[in-house]
Amino acid sequence: MKASIKFITTLFLVLLLAGCSKEEREASRLYESLMDDITEIDALENDASISDKLAVYSQARYKLERIRTRYAATKKGKEILENPTFSSGQSAEDILSEALSLEDRASEELSENQVKLIIISAISTPEIRNHRLESHGISLARQGNTEEAKAILPDLLNSLSKAIVQLEIAKAYYQEDDIEAAKSISLEAHDKISQYNLNENVCSTVSCDNEEARKRLVDTELRRFRIELYSS
């Protein structure tokens, strides 16, 4: 009995240490990538475009926030939480503040869609970037901005995410009485659903939860929409 308890305790400690080591490695990789962003910030010319500045600072902002939240308990997480000063002469808080300031300034020169796409593109975690892009595509389609919504489809990394956005675009066309366009893109959504593989490299959700159930729900909604569409 004592031997069994000792074995279970040892196994638990091994698994715990393995998990900690993994988080330390992930945090270190993210920190190294952040240092590359800091180097890019150092190299920015004074006359660099607002788009270029926002892109670089958004990359650094995402990684800073990711390290100090997701990896707060790691060595790098604790280091970032202490608000260090980097080679650029800026502290972590300075970079976060500048990123937000650039976002405000960019909104004066660029469209809301352009600003959001720059910020989303700066996200280095594929699942999170895909999820944010999918949500943005849905929002665009529901606002009637079908062309802008269609433009993001190639950047989505998951077939189900593409089908979801295509369905929303089809609904928008239907609301505009553009039946042929609605039929065409709803068919594309149907094809994407058919091609969807649960083993795709990037999930349609951040945590990869309930992918199969999500596919069934979207498939059912798409079928109902196409029945209504073709009977109109």
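- Hydrophobic clustering (ILVMFWY, side-chain heavy atoms < 4.5 Å, transitive): V218 and L198 are in one cluster.
- At a threshold of 4.5 Å between side-chain heavy atoms, the hydrophobic network of Ile, Leu, Val, Met, Phe, Trp and Tyr places I179 and Y230 in one connected group.
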Given E24 and S28, is the side chain to side chain donor-acceptor pair (under 3.5 Å) satisfied, shown in steps?
-> CA-CA 6 Å; E24 290 287 352; S28 293; 5.2 Å; no
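- Hydrophobic clustering (ILVMFWY, side-chain heavy atoms < 4.5 Å, transitive): I120 and I169 are in one cluster.
- Between the side chain of S121 and the main chain of L117, a donor-acceptor pair closer than 3.5 Å is present.
- Of all the heavy atoms in P154 and A151, the pair that sits closest is CD-O, 3.3 Å.
- Under a 4.5 Å side-chain heavy-atom criterion applied to ILVMFWY residues, the cluster that includes I80 comprises L30, Y31, L34, M35, I38, I41, L44, I50, L54, V56, Y57, L64, I67, Y71, F86, I95, L96, L102, L110, V115, I118, I119 as well.
- The CZ atom of R29 sits 11.5 Å away from the OG atom of S124 when rounded to the nearest 0.5 Å.
- Atom CD of E148 is separated from atom CG of L140 by 5.5 Å, given to the nearest 0.5 angstrom.
- In terms of hydrophobic clustering, with Ile, Leu, Val, Met, Phe, Trp and Tyr side chains grouped at heavy-atom distances under 4.5 Å, Y62 and V206 are assigned to a common cluster.
- The only member of E93, E98, E103 that meets salt bridge (Lys or Arg N to Asp or Glu O under 4.0 Å) when paired with R61 is E103.
- Going from atom CD of E79 over to atom CG of L81 covers 10.0 Å, rounded to the nearest 0.5 Å.
- No more than 12 heavy-atom neighbours from other residues, nucleotides or ligands sit within 6.0 angstrom of CG on N201.
- The CD1 atom of I128 sits 4.0 Å away from atom CZ of R66, with the distance rounded to the nearest 0.5 Å.
- Other residues sharing the hydrophobic cluster of I227, ordered by chain and number and joined by side-chain separations under 4.5 Å: none, the residue standing alone.
- Between the NZ atom of K78 and the CD atom of E82 there is a distance of 9.5 Å, given to the nearest 0.5 Å.
- Put simply, the side chain of N158 gets close to the backbone of S161: a donor and an acceptor are under 3.5 Å apart.
- Using a 4.0 Å cut-off between charged nitrogen and carboxylate oxygen, E168 and K171 count as a salt-bridge pair.
- Annotation: R105, atom CZ; neighbour count of heavy atoms from other residues, nucleotides and ligands within 6.0 Å is above 12.
- Remark: R214 CZ to T205 OG1 distance equals 6.5 Å, nearest 0.5 Å.
- Partners of D42 under the side chain to side chain donor-acceptor pair (under 3.5 Å) rule, at least two apart in sequence or in another chain, are S87.
- Side chain of S186 to backbone of K183: a donor-acceptor contact under 3.5 angstrom is found.
- The pair K215-E200 does not meet the salt-bridge criterion, since no charged nitrogen lies less than 4.0 angstrom from a carboxylate oxygen.
- Through direct or relayed side-chain contacts under 4.5 Å between Ile, Leu, Val, Met, Phe, Trp and Tyr, L157 connects to V202.
- Looking at K22 and R25, their side chains come closer than 4.5 Å, going by heavy atoms from C-beta outward.
- Residues L160 and L222 share a hydrophobic cluster, clusters being chains of Ile/Leu/Val/Met/Phe/Trp/Tyr side chains in contact below 4.5 Å.
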Would you check, one step at a time, whether the test side chain to side chain contact (heavy atoms under 4.5 Å, CB included) holds for L133 with N130?
-> CA-CA 5 Å; L133 196 58; N130 183 78; 5.7 Å; no
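- Among all heavy-atom pairs drawn from A163 and K192, the shortest one is CB-CB, 3.8 Å.
- The local environment of CD in E112 is sparse, with at most 12 non-hydrogen atoms from other residues, nucleotides or ligands closer than 6.0 Å.
- Each of E211, K162, H131 was evaluated against S204; a single residue qualifies, E211, per the side chain to side chain donor-acceptor pair (under 3.5 Å) test.
- Contacts of Q114 classified as side chain to side chain donor-acceptor pair (under 3.5 Å), with partners at least two apart in sequence or in another chain: S111.
- Using modelled atom types, one side-chain atom of R129 and one backbone atom of I123 make a donor-acceptor pair closer than 3.5 Å.
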Tell me, with the steps shown, if H136 and N113 meet side chain to side chain contact (heavy atoms under 4.5 Å, CB included).
-> CA-CA 9 Å; H136 183 50; N113 179 49; 2.7 Å; yes
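- Atom CG of N210 sits in a sparse spot, with 12 or fewer heavy atoms from other residues, nucleotides or ligands closer than 6.0 Å.
- Judged by distance alone, the side chains of S91 and D94 do bring a donor and an acceptor atom under 3.5 Å apart.
- Applying the ring pair (Phe, Tyr, Trp, His ring centres under 6.0 Å) test to every pair with at least one member in residues 160-191, sequence neighbours left out, gives these pairs: Y174-F225.
- Side-chain atoms of S184 do not come within 3.5 Å of backbone N or O of E180 as any donor-acceptor pair.
- Salt bridge present: R70 and E23 bring a charged side-chain N and a carboxylate O closer than 4.0 Å.
- Contact between G137 and I152 at its shortest, heavy atoms only, is CA-CD1, 3.2 Å.
- Summarising the geometry of N83 relative to A92, their closest heavy-atom pair is OD1-N, 3.2 Å, with the distance given to 0.1 Å.
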